[in-house]
Amino acid sequence: MTAKPTVLRDLPADLQQERLPKHVAVIMDGNGRWAKQRGLPRIMGHRRGVDTLKELLRCCRDWGIGALTAYAFSTENWGRPLEEVDFLMTLFERVLRQELREMMEEQVRIRFVGDLSRLPASLRAEIERSMAETSQNQGIQFSVATNYGGRQEIVQACRAIATQVEQGKLHSEDIDEALFSQHLYTQGTVDPDLLIRTSGEMRISNFLLWQMAYAEIYITDTLWPDFDRAEFHRALVDYQQRDRRFGRLSS
Ligand code: FPP
């Protein structure tokens, strides 16, 4: 499902509305470094990172971008110090509780992608509540990748498909890209056109491996808490200058 067109606000004159990405994915990197540069504990960077994400979501809504997916916690992030992991889980829960009203007002449809079974029960409850309450909203689709790993997502899709074949509900020759996509956490959302990664790392870190097949990648040295509207604008200008060929020749 793609978002209903909203009233566009403040679209910069050098951006062409019809050539905006339909789906933007972000790897929000650099929170820890941002905090360290200021002599603050790492968790302060994550706290500031939430404000950046909220502003990006508003900006996507204002400029008519239908879907935003943010990488909040990877399957590898459990390896961080327990204190930081606990802080992040509590932060996700608190933000969800605090922001539900605004998400309803702004018609945001939130969805969590990843293996949610390992998350604390109280966070899972808040996730389920926010997804259920916003499910009929008609605005931007906001996906939060939490305990998410691209390989793990592909493996769980394979298992689900194999089970259907075993049960005789599906023939192996019916398996194609469209069917496979329907078994991913992101089913129903167009693949990202643009991946933005902050803080300069040149990796995709197990994020949306299948979905990113033709995404344009934009990497900035800016640390996530400093990624603002002006930076997003720059990323979109750069995106609009790309020649997206999807393996074909230029027109
Ligand atoms: C990466 O920076 C950031 C994270 C692992 C956490 C990102 C989470 C948020 C911004 C909160 C989002 C909240 C909701 C509810 C969606 P890093 O810690 O790897 O930074 P570093 O590379 O500088 O150490």
Side-chain angles (χ1 to χ4, degrees), residues 24-61 67-104 106 108-116 118-120 122-131 133-134 140-150 185-186 195-208 219-228 231-232:
V24 173
V26 279
I27 300 180
M28 310 181 285
D29 202 6
N31 292 347
R33 274 164 281 176
W34 182 91
K36 195 170 170 212
Q37 283 174 1
R38 288 160 179 78
L40 298 169
R42 291 175 54 80
I43 57 170
M44 296 304 284
H46 297 315
R47 200 172 275 168
R48 246 324 251 278
V50 173
D51 297 334
T52 302
L53 184 57
K54 278 162 52 181
E55 183 57 12
L56 180 63
L57 188 62
R58 286 192 198 104
C59 194
C60 288
R61 175 211 56 198
L68 174 69
T69 299
Y71 205 1
F73 195 88
S74 74
T75 45
E76 290 72 36
N77 285 155
W78 295 108
R80 294 191 174 206
L82 185 62
E83 197 182 44
E84 184 170 341
V85 170
D86 282 349
F87 176 85
L88 283 168
M89 296 296 146
T90 310
L91 179 71
F92 297 156
E93 193 177 324
R94 200 182 55 229
V95 170
L96 277 182
R97 205 174 302 122
Q98 282 170 355
E99 300 301 325
L100 185 57
R101 212 183 67 196
E102 191 177 339
M103 287 195 288
M104 292 308 289
E106 297 296 340
V108 174
R109 213 162 59 253
I110 193 168
R111 169 164 77 172
F112 279 74
V113 297
D115 176 7
L116 306 183
R118 199 178 158 186
L119 303 178
S122 55
L123 172 57
R124 273 203 324 266
E126 210 55 60
I127 287 176
E128 272 154 28
R129 186 165 82 103
S130 64
M131 289 204 295
E133 290 201 20
T134 65
I140 186 169
Q141 162 89 66
F142 175 43
S143 303
V144 185
T146 310
N147 193 23
Y148 175 89
Y185 298 129
T186 51
L195 167 69
I196 297 173
R197 181 168 190 151
T198 54
S199 93
E201 312 292 352
M202 304 274 188
R203 294 188 285 274
I204 59 170
S205 301
N206 204 11
F207 189 37
L208 302 175
I219 292 172
T220 169
D221 285 336
T222 302
L223 305 176
W224 177 251
D226 291 327
F227 188 83
D228 57 11
E231 287 276 351
F232 187 43

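Residues take their numbers from the sequence shown, with the count starting at 1. Just follow the structure's listing: the first ligand is 1, and inside any ligand the first atom is 1. Bear in mind the structure is a predicted one, so any value in this text is a computation, not a measurement.
The protein atom (non-hydrogen) at minimum distance from atom 22 (O) of ligand 1 is R33 NH2, 2.8 Å. In terms of protein heavy-atom proximity, atom 14 (C) of ligand 1 is nearest to F92 CD2, 3.8 Å. Protein heavy atom closest to atom 3 (C) of ligand 1, with residue, atom name and distance, is M28 O, 3.2 Å. In terms of protein heavy-atom proximity, atom 19 (O) of ligand 1 is nearest to R80 NH2, 2.8 Å.
Only the side chain of L53 comes within 4.0 Å of ligand 1, judged by heavy-atom distances. Heavy atoms of N31 found under 4.0 angstrom from ligand 1 belong to the backbone as well as the side chain. Of the heavy atoms in E76, none comes closer than 4.0 Å to ligand 1.
Look at A72 and you'll find a heavy atom under 4.0 Å from some atom of ligand 1. Within the structure, the closest approach of E201 to ligand 1 does not fall below 4.0 Å when heavy atoms are considered. The closest approach between any non-hydrogen atom of R42 and ligand 1 is below 4.0 Å. Taking 4.0 Å as the cut-off, S199 does not count as a neighbour of ligand 1 on heavy-atom distance.
Within the listing of ligand 1, atoms 15 (C) sit less than 4.0 angstrom from a heavy atom of V95. For ligand 1 and V144, the ligand atoms under 4.0 Å from any heavy atom of the residue are 16 (C).
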Report all side-chain donor-acceptor pairs from residues 96-104 shorter than 3.5 Å, counting only partners two or more places apart or in another chain.
residue: R97; atom: NE; partner: E126; partner atom: OE1; Å: 3.3
residue: R97; atom: NH2; partner: E93; partner atom: OE2; Å: 2.8
residue: E99; atom: OE2; partner: K54; partner atom: NZ; Å: 3.0

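Proximity of S205 to R197: side-chain heavy atoms (C-beta onward) are separated by under 4.5 Å at one or more points. Proximity of F232 to I196: side-chain heavy atoms (C-beta onward) are separated by under 4.5 Å at one or more points.
Residue F142 comes nearest to A70 through the heavy atom pair CE1-CB, 4.4 Å, listed as atom of the first residue, atom of the second, then distance.
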